[in-house]
Amino acid sequence: MPCVFCADIGTSSLKAAVIDQTGNVLAYSRQKFHSTPDSVAGEWLSALKAAMDEIFQAEDLTVDSICISGNGPTLSTCGGLTLLWNREIQESEEEPSEAEKKSLFIPRLKAIKKLYPDAWNDSKYIFSGPEFLIYTLTGNALTVLPEERYTQAYWTEKALLEAGFSIEDISKIPPFAKPSSMAGKLNASSADYLGHSLNNISEGLPVYCGAPDFISALVGTNTLRPGLLCDRAGSSEGLNLCTQEPIVAPGVRTLPSIIPGLWNASILIPDSGMRFSRYKKQFEETSGFSVTYRELVDAAISSDGSQAILDQGKYLMLQIAMQVRDGMKKLFSLAQDAGNPIPTSFVLTGGQAESDGYTQMKSSVTGMEIKVLQCNDAELLGDAAFAFCGMGIYPDIQVAAEKIQRVSRVFAPGGDIG
């Protein structure tokens with residue numbers, strides 16, 4: 001059965017998995033980065049190798065292609081100098097053009113040119129996110145554009161000229177390519193580096209374009225038809241609803257879906273995971289010992305009222321679940337007013353999906369059925385869908401997303417939360 005080696009580049013780690021065409025995750029690895037943020041792109045290839053070593057030395061697997069996704073709008077040069085997506089940049093003293101105001105990338109392109117002029121001048125290309133690793137693997141320079149309607153959030157030649165870039169500057173910015181298109185084939189030097197001790201990776205292996213991690217996660221959760229909803233729950237939390245009509249309202253971020261003609265409306269809870277991190281630190285200081293996130297979540301969920309510090313954690317999770325419920329009510333009301341279908345269930349993905357008790361609490365508080373997938377890293381499932389579509393195994397992204405989605409657990413309102 002065809003398999004894909006999927007890799008998603010995060011801010012602090014690279015996650016990888018081998019996934020077959022039915023969505024079965026055959027192996028998984030996570031490799032933390034150790035470089036400073038401004039040079040982390042230079043570590044992506046070694047992290048990919050470490051993930052491959054771990055996976056292939058433990059499992060006798062053969063893969064038919066590689067697919068890469070990652071965070072954006074991170075920028076990097078050919079030398080690996082990196083301007084991460086979450087790094088704040090100082091606003092230009094010049095009045096930005098209208099096109100620049102709409103772009104996520106143009107202000108950051110200006111920033112990397114200003115902050116690192118030598119690296120800019122010496123670099124043949126400037127990459128957006130994971131395309132640096134794709135270039136390293138294949139020698140082909142490209143920029144993955146999720147869908148045509150995203151062009152103004154990226155750039156046009158006219159917008160770049162208006163922002164003050166020269167023709168020479170613009171020549172450094174690679175042309176657009178579509179998700180699921182073949183970026184190229186694994187070159188000899190990368191194949192030798194990655195596979196010198198393995199028989200699973202060889203020169204000529206096809207490398208496919210994933211997408212920015214947000215888009216890949218929506219594909220991985222199959223949030224690609226009107227009325228389908230997912231909750232991406234990590235350090236922050238995003239409620240994402242696929243709609244047939246755009247929603248324009250305060251507090252709602254509406255972006256084009258990767259599916260032409262459809263939209264994604266989202267409500268962000270920016271600090272849900274970070275609040276629990278602060279609580280974890282307080283718990284460890286109070287108790288005098290360290291715990292994992294999973295251990296603390298399970299202990300707090302099961303709290304019977306006899307320990308105040310655990311009750312505090314349970315109440316915090318209940319507060320977050322109520323925020324999710326309120327966010328969904330707002331999103332559904334606006335969606336319904338715009339003529340969109342309303343979901344009765346949703347897919348939960350991310351670190352919070354690892355706790356059955358917390359997931360059950362969310363189901364009971366929101367009054368909705370929750371589906372948890374076999375792989376909590378939906379970006380990797382999205383990569384698999386892109387690759388299998390590019391390989392011709394599935395006719396389009398919607399079909400691929402449906403075929404690779406494997407639900408491992410379902411939680412219904414009213415169940416025991418611990």
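Quick note: numbers below take in every heavy atom, side chains included, and nothing from hydrogens, waters or symmetry partners.
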Item to complete: Using modelled atom types only, decide if a donor and an acceptor are shared between the side chain of Thr143 and the backbone of Pro174 within a distance under 3.5 Å.
Response: yes
Discussion item. Atom CE of residue position Met322 - does it have more than 12 heavy atoms of other residues, nucleotides or ligands inside 6.0 Å?
Written reply: no
Discussion item. Distance alone, cut at 3.5 Å: any donor-acceptor contact between the side chains of Tyr125 and Thr77?
Written reply: no
Practice prompt. Examine distances only and state if a side-chain atom of Ser181 and a backbone atom of Lys178 form a donor-acceptor pair shorter than 3.5 Å.
Written response: yes
Fill in: Pairing residues for Phe276 by the ring-ring contact (aromatic ring centres under 6.0 Å, His included) criterion, not counting sequence neighbours
Tyr279
Worksheet entry | Set of side chain to side chain contact (heavy atoms under 4.5 Å, CB included) partners for Asn86, sequence neighbours left out | Thr11, Leu84
Discussion item. Tyr293 vs Ser277, test: side-chain hydrogen bond (donor to acceptor under 3.5 Å, both in side chains). Steps then yes/no.
Written reply: CA-CA 8 Å; Tyr293 281 96; Ser277 293; 3.1 Å; yes
Worksheet item: For Trp85, does the CH2 atom sit with more than 12 other heavy atoms under 6.0 Å from it, leaving out its own atoms?
Response: no
Practice prompt. Without swapping roles, check the side chain of Glu147 against the backbone of Ile259 for a donor-acceptor pair under 3.5 Å.
Written response: no
Worksheet item: In Å and rounded to the nearest 0.5 Å, what is the OH to CG distance from Tyr135 to Leu142?
Response: 11.0 Å
For residues 386-396, which side-chain N or O atoms pair as donor and acceptor with protein atoms under 3.5 Å away, sequence neighbours left out?
residue	atom	partner	partner atom	Å
Tyr394	OH	Gln21	O	2.5
Asp396	OD1	Gln398	N	3.2
Asp396	OD1	Val399	N	2.8

Worksheet, complete the sentence: Output for pair (Phe5 CZ, Met52 CE), nearest 0.5 Å, gives 4.5 Å
Fill in: Leu224 vs Leu262, side chain to side chain contact (heavy atoms under 4.5 Å, CB included): CA-CA, chis, key distance, verdict
CA-CA 8 Å; Leu224 301 179; Leu262 298 182; 5.9 Å; no
Worksheet item: Between Tyr150 and Trp155, does the ring centroid distance fall short of 6.0 Å?
Response: no
Worksheet item: So Ser189 and Asp192, side-chain hydrogen bond (donor to acceptor under 3.5 Å, both in side chains) or not? Walk me through it.
Response: CA-CA 5 Å; Ser189 59; Asp192 181 64; over 6 Å; no
Worksheet item: Would Tyr208 and Asp383 satisfy side chain to side chain contact (heavy atoms under 4.5 Å, CB included), going step by step from the backbone distance to the final call?
Response: CA-CA 9 Å; Tyr208 287 93; Asp383 290 344; over 6 Å; no
Fill in: Asn376 and Thr349: side chain donor to acceptor below 3.5 Å
no
Worksheet item: Can you list every pair that meets salt bridge (charged side-chain N to carboxylate O under 4.0 Å, His left out) and has a residue in residues 227-253, with sequence neighbours left out?
Response: Asp231-Lys362, Arg232-Glu379, Glu237-Lys362
Worksheet, complete the sentence: With sequence neighbours left out, the residues meeting side chain to side chain contact (heavy atoms under 4.5 Å, CB included) with Ala265 are Thr243, Ile247, Val252, Thr254, Leu331
Item to complete: Please say whether more than 12 non-hydrogen atoms of neighbouring residues, nucleotides or ligands are located less than 6.0 Å from NZ in Lys403.
Response: no
Discussion item. A quick test of your reading: do over 12 heavy atoms of other residues, nucleotides or ligands sit less than 6.0 Å from NZ of Lys101?
Written reply: yes
Worksheet item: Mind checking what makes side chain to side chain donor-acceptor pair (under 3.5 Å) contact with Lys172, not counting sequence neighbours?
Response: none
Discussion item. Checking Ile134 against Asn140 for the side chain to side chain contact (heavy atoms under 4.5 Å, CB included) test, could you report, in this order, the C-alpha distance in whole Å, the side-chain angles of both residues, the deciding distance, and whether it holds?
Written reply: CA-CA 7 Å; Ile134 291 174; Asn140 294 333; 5.9 Å; no
Discussion item. Whether Glu100 and Lys110 form a salt bridge (side-chain N of Lys/Arg under 4.0 Å from carboxylate O of Asp/Glu) is what I want to check.
Written reply: yes
Worksheet entry | Tyr28-Asp377 side chain donor-acceptor pair, cut-off 3.5 Å | yes
Worksheet item: Under the side-chain hydrogen bond (donor to acceptor under 3.5 Å, both in side chains) criterion, do Asn264 and Ser257 qualify, and how do the steps go?
Response: CA-CA 5 Å; Asn264 182 77; Ser257 168; over 6 Å; no
Practice prompt. Tell me, please, which residues at least two apart from Pro413 pass side chain to side chain contact (heavy atoms under 4.5 Å, CB included).
Written response: Ser363
Practice prompt. Identify, with sequence neighbours excluded, every residue that meets side chain to side chain donor-acceptor pair (under 3.5 Å) alongside Ser190.
Written response: Asn187
Discussion item. Do Lys49 and Tyr193 form a cation-pi contact, if we require the NZ or CZ to be under 6.0 Å from the six-membered ring centre and within 45 degrees of the ring's axis?
Written reply: yes
Fill in: Interatomic spacing from CG in Leu239 to OG in Ser266 - rounded to 0.5 Å
8.5 Å
Item to complete: Kindly indicate, with the supporting measurements, whether the criterion side chain to side chain contact (heavy atoms under 4.5 Å, CB included) is fulfilled by Ile258 and Leu218.
Response: CA-CA 9 Å; Ile258 193 173; Leu218 295 182; over 6 Å; no
Fill in: Thr82 side chain to Asp38 side chain, donor-acceptor N/O pair below 3.5 angstrom
no
Discussion item. Going by the rule side chain to side chain donor-acceptor pair (under 3.5 Å), which residues pair with Asn222 if we only count those two or more places apart in sequence or in a different chain?
Written reply: none
Worksheet item: Got a donor-acceptor contact below 3.5 angstrom from the Thr223 side chain to the Leu228 backbone?
Response: no
Practice prompt. Verify whether one side chain among Gln312 and Gln282 offers a donor that lies under 3.5 Å from an acceptor in the other.
Written response: yes
Worksheet item: Any luck finding a side-chain donor-acceptor pair between Ser35 and Glu43 under 3.5 Å?
Response: yes
Worksheet item: Does a donor on one side chain sit under 3.5 Å from an acceptor on the other, for Ser13 and Arg30?
Response: yes
Practice prompt. Any chance you could measure Ser355, atom OG, to Glu295, atom CD, to the nearest 0.5 Å?
Written response: 12.0 Å
Practice prompt. Give a yes or no answer on whether the side chain of Thr156 reaches the backbone of Ala159 with a donor-acceptor pair at less than 3.5 Å.
Written response: yes
Discussion item. Is the terminal nitrogen or CZ of Arg149 (NZ for Lys, CZ for Arg) located under 6.0 angstrom from the six-membered ring centre of Trp263 and within 45° of that ring's axis?
Written reply: yes
Worksheet item: What residues, two or more places apart in sequence or in another chain, satisfy side chain to side chain contact (heavy atoms under 4.5 Å, CB included) together with Asp20?
Response: Met1, Cys3, Thr22, Asn24, Leu26
Worksheet item: Which value, rounded to the nearest 0.5 Å, describes the distance between Cys6 atom SG and Ile19 atom CD1?
Response: 4.0 Å
Worksheet item: Do other residues, nucleotides or ligands put more than 12 heavy atoms under 6.0 Å from Lys280 NZ?
Response: yes
Worksheet entry | Qualifying salt bridge (charged side-chain N to carboxylate O under 4.0 Å, His left out) pairs, either residue in residues 200-229, two or more places apart | Arg225-Glu402
Worksheet item: Which pairs with one or both residues in residues 254-274 pass salt bridge (charged side-chain N to carboxylate O under 4.0 Å, His left out), sequence neighbours excluded?
Response: Asp271-Arg275
Fill in: Ion pair Arg294/Asp298, N-O distance below 4.0 Å
yes
Worksheet item: Say you draw a straight line from CG of Leu81 to OG of Ser39; how long is it, rounded to the nearest 0.5 Å?
Response: 8.0 Å
Discussion item. Taking Gln244's backbone N and O only, do any of them form a donor-acceptor pair with Asn340's side chain (distance below 3.5 Å, no angle check)?
Written reply: yes
